[in-house]
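Data block below; observations after.
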Amino acid sequence: MKTWKLVSGIISTVLSVFVVFQSMMAGLANALEESGQSSGSAGLVVSICMLCGGIVSIVSRKNNSKGSNIALIILFGLATFTGFVLAGNYSDLYGLFGV
């Protein structure tokens, strides 16, 4: 469990950097198109939740309390919910899950 929390925390932290850059480009495209979409801002929220979840996962790897696991579920669940609800006109975000 310790190894998995460390690995998943590192992966989440690294992927949050990619999500930040992608959502910045999406926000710029939304602003230039004046489409009124908020998917760029939603991507920033997803990235922040992923970064916080990764940090909590790395810090709590030696702790087997239920509180840290619940915090991880809430953080990654919030990121997932935000990504699904506010995807906007980027339908490729739905393609991974067949929605």
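The figures here come from the full heavy-atom set of this structure, side chains too, leaving out hydrogens, waters and symmetry mates.
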Please table the atom pairs, donor to acceptor, closer than 3.5 Å between any side-chain atom in residues 49-63 and protein atoms at least two apart or in another chain.
| residue | atom | partner | partner atom | Å |
| --- | --- | --- | --- | --- |
| Ser57 | OG | Lys5 | O | 2.7 |
| Ser57 | OG | Ser8 | OG | 3.4 |
| Ser60 | OG | Val56 | O | 2.7 |
| Arg61 | NH1 | Ile58 | O | 2.8 |
| Asn63 | OD1 | Ser65 | N | 3.1 |
| Asn63 | ND2 | Ser65 | OG | 3.4 |

Next on the checklist: Connecting only ILVMFWY residues whose side-chain heavy atoms lie within less than 4.5 Å of each other, what is the rest of Leu28's hydrophobic cluster?
Outcome noted: Leu32
Next on the checklist: Let me check something: do Ile11 and Val46 share a hydrophobic cluster, defined by ILVMFWY side-chain heavy atoms less than 4.5 Å apart, either directly or through other members?
Outcome noted: yes
Next on the checklist: Please say yes or no: joined through hydrophobic side-chain contacts below 4.5 Å, possibly via intermediate residues, are Val19 and Met24 part of one cluster?
Outcome noted: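 No, Val19 and Met24 fall in different hydrophobic clusters.
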Item to check | Closest heavy-atom pair and its distance - Thr13, Ser16 | outcome: O-OG, 2.6 Å
Checklist entry - In Å, rounded to the nearest 0.5 Å, how long is the span from CD1 of Ile10 to CG of Leu6? => result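 Result: 4.0 Å between the selected atoms.
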Check residues 70-87 and write down every donor-acceptor pair under 3.5 Å in which the side-chain atom is one partner and the other belongs to a residue at least two apart or another chain.
| residue | atom | partner | partner atom | Å |
| --- | --- | --- | --- | --- |
| Thr80 | OG1 | Phe76 | O | 2.8 |
| Thr82 | OG1 | Leu78 | O | 2.7 |

